[in-house]
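Owing to the predicted nature of the structure, the values given are computational and were not obtained by experimental measurement.
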Amino acid sequence: MAAVLSARENETKLEFGRTGPGTLAGRYLRQFWQPVFNADELPVGRARPIRIMSEDFTIYRGQTGTAHVVAQRCPHRSTLLHTGWVEGDDIRCLYHGWKFNGDGQCVERPQEKTPPGPQDAIKAYPTREHLGLVFAYFGEGEPPPFPPFPAFEEEGIVETRTTLYPCNYFQTHENNFDPCHILWSHSHGITHETFQSLDMSVQPPPEETEYGILNRWNFANNTLP
């Protein structure tokens, strides 16, 4: 059995587990649309701080109802933009009133002698709202086609929720692709004899799709306590 990695080893050896800008996993995950916020938790005219893939951003909903994702801070004095306020579809910095549109362009610099220019712009990211979630694209160049999960276009009930897991993203994926732990962690008292009686061979293998790995584990033919 492999030994548990220390925090230091996890940082230095588990390179594919790091998601910050320029990291191996960070560059890969930024090639896709990422869900970043529950749409119904972002009212019109409000801004919120978000942290996605080890990087901080500002999300706000303009008066037109459009959600925008921009940089975390104003480039002037590094004030957190979510502490400011929304005007129309723009966001204004709390400190000196610099105002930025949803594309990241600075449109007002009060008290400055010259009008704003390209050097005053902040980063902005394409956003789309879909199935109760706000998605954003943080990669380079044009984003991939939308929606990212075609299967969710089928008829059914839409339910969205968010859960904060205090661990690395790879640890949650590792757990989800380990169906055997379900029998122990979520069965409320399975015995070793019951586990031994389960026919694991009848489970279909994972399938690779255009949007990820599909796992169809089904324990309906087995008897759980």
Side-chain angles (χ1 to χ4, degrees), residues 18-148 160-166 168-169:
R18 300 171 61 194
T19 59
T23 62
L24 180 65
R27 293 195 304 270
Y28 176 73
L29 292 173
R30 282 168 174 76
Q31 297 180 47
F32 308 97
W33 288 96
Q34 297 290 346
V36 297
F37 216 79
N38 271 341
D40 59 2
E41 295 179 3
L42 186 65
V44 170
R46 298 302 298 270
R48 296 283 188 269
I50 57 174
R51 184 170 178 81
I52 306 295
M53 296 182 291
S54 303
E55 192 173 3
D56 296 307
F57 306 94
T58 302
I59 186 171
Y60 72 95
R61 190 182 296 282
Q63 299 295 338
T64 64
T66 302
H68 302 277
V69 175
V70 296
Q72 179 195 30
R73 296 178 181 273
C74 176
H76 183 212
R77 294 292 180 88
S78 297
T79 303
L80 295 170
L81 285 174
H82 77 272
T83 62
W85 55 92
V86 177
E87 295 182 3
D89 260 18
D90 305 332
I91 186 167
R92 189 182 290 277
C93 178
L94 175 69
Y95 197 20
H96 289 102
W98 285 30
K99 186 165 73 170
F100 305 89
N101 64 22
D103 294 326
Q105 299 301 315
C106 182
V107 294
E108 284 187 15
R109 295 194 313 166
Q111 290 84 49
E112 298 292 330
K113 296 180 179 180
T114 58
Q119 72 279 1
D120 304 312
I122 59 175
K123 286 188 176 181
Y125 304 88
T127 58
R128 295 285 293 271
E129 202 161 324
H130 183 61
L131 296 176
L133 296 169
V134 178
F135 287 78
Y137 176 68
F138 300 102
E140 300 293 334
E142 291 296 319
F146 198 93
T160 60
R161 63 179 180 178
T162 57
T163 302
L164 178 63
Y165 293 98
N168 183 279
Y169 89 99

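- Under the 3.5 Å distance criterion, the side-chain polar atoms of Asp103 are left unmatched by any main-chain donor or acceptor of Gln105.
- Smallest separation of non-hydrogen atoms from Gly104 and Ala124: N-CB, 3.6 Å.
- Ring geometry for Trp98 versus Phe100: interplanar angle of 30 to 60°, hence tilted.
- Applying the salt bridge (Lys or Arg N to Asp or Glu O under 4.0 Å) test to residues at least two apart or on different chains, none of the pairs has a partner in residues 132-141.
- Side-chain contact between Cys74 and Arg92: absent, with no pair of heavy atoms (C-beta onward) separated by less than 4.5 Å.
- When side chains are defined from C-beta on, Phe135 counts as touching Pro148, because their heavy atoms get closer than 4.5 Å.
- Here Thr66 pairs with Thr64 under the side-chain hydrogen bond (donor to acceptor under 3.5 Å, both in side chains) rule; sequence neighbours left out.
- Partners of Leu80 by side-chain contact (heavy atoms from CB on, under 4.5 Å), not counting sequence neighbours, listed by chain and number: Gln72, Arg73, His82, Thr83.
- The CG atom of Leu29 sits 11.5 Å away from the CD1 atom of Ile52 when rounded to the nearest 0.5 Å.
- Here Glu112 pairs with nothing under the salt bridge (charged side-chain N to carboxylate O under 4.0 Å, His left out) rule; sequence neighbours left out.
- The shortest side-chain heavy-atom distance between Tyr60 and Leu42 does not fall under the 4.5 Å cut-off.
- Residue pairs meeting the side chain to side chain donor-acceptor pair (under 3.5 Å) criterion with at least one member in residues 29-43, sequence neighbours excluded: Arg30-Glu55, Asn38-Glu41.
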**OP:** Walk me through it: do His68 and Asp89 pass the test side-chain contact (heavy atoms from CB on, under 4.5 Å)?
**Re:** CA-CA 8 Å; His68 302 277; Asp89 260 18; 3.5 Å; yes

**OP:** Please assess Ile122 against Cys106 for the test side-chain contact (heavy atoms from CB on, under 4.5 Å), listing each intermediate value before the final yes or no.
**Re:** CA-CA 8 Å; Ile122 59 175; Cys106 182; over 6 Å; no

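- For Thr127 (side chain) and Ala67 (main-chain N/O), a donor-acceptor pair under 3.5 Å exists by modelled atom type.
- Residues that satisfy the ring pair (Phe, Tyr, Trp, His ring centres under 6.0 Å) test with His96, not counting sequence neighbours, are His76.
- For the ring pair (Phe, Tyr, Trp, His ring centres under 6.0 Å) test, no residue two or more places apart in sequence or in another chain qualifies with Tyr95.
- Considering all non-hydrogen atoms of both residues, Ala136 and Val36 come closest at CB-CG1, 4.1 Å.
- Every side-chain hydrogen bond (donor to acceptor under 3.5 Å, both in side chains) that Ser54 has, sequence neighbours left out, goes to Thr19.
- Other residues, nucleotides and ligands contribute only 12 or fewer heavy atoms inside 6.0 Å of the CZ atom of Arg46.
- Residues passing the salt bridge (charged side-chain N to carboxylate O under 4.0 Å, His left out) test with Arg109 are Asp120, sequence neighbours excluded.
- For Arg51, the side-chain hydrogen bond (donor to acceptor under 3.5 Å, both in side chains) partners are Asp56, not counting sequence neighbours.
- Between Gly102 and Asp90, the closest heavy-atom pair is N-OD1, 4.3 Å.
- Within the 4.5 Å cutoff, the side chain of Leu94 has heavy atoms near those of the Trp85 side chain.
- Sorted by first and then second residue, the pairs that involve residues 110-133 and meet ring-ring contact (aromatic ring centres under 6.0 Å, His included), not counting sequence neighbours, are Phe57-Tyr125, Tyr125-Phe138, His130-Phe146.
- In plain terms, the two heavy atoms of Cys93 and Thr79 that are nearest each other are SG-CB, 3.6 Å.
- In this structure, the salt bridge (charged side-chain N to carboxylate O under 4.0 Å, His left out) partners of Glu129, at least two apart in sequence or on a different chain, are Arg61.
- In this structure the side chain of Ile50 never reaches within 4.5 angstrom of the side chain of Thr58, judged on heavy atoms.
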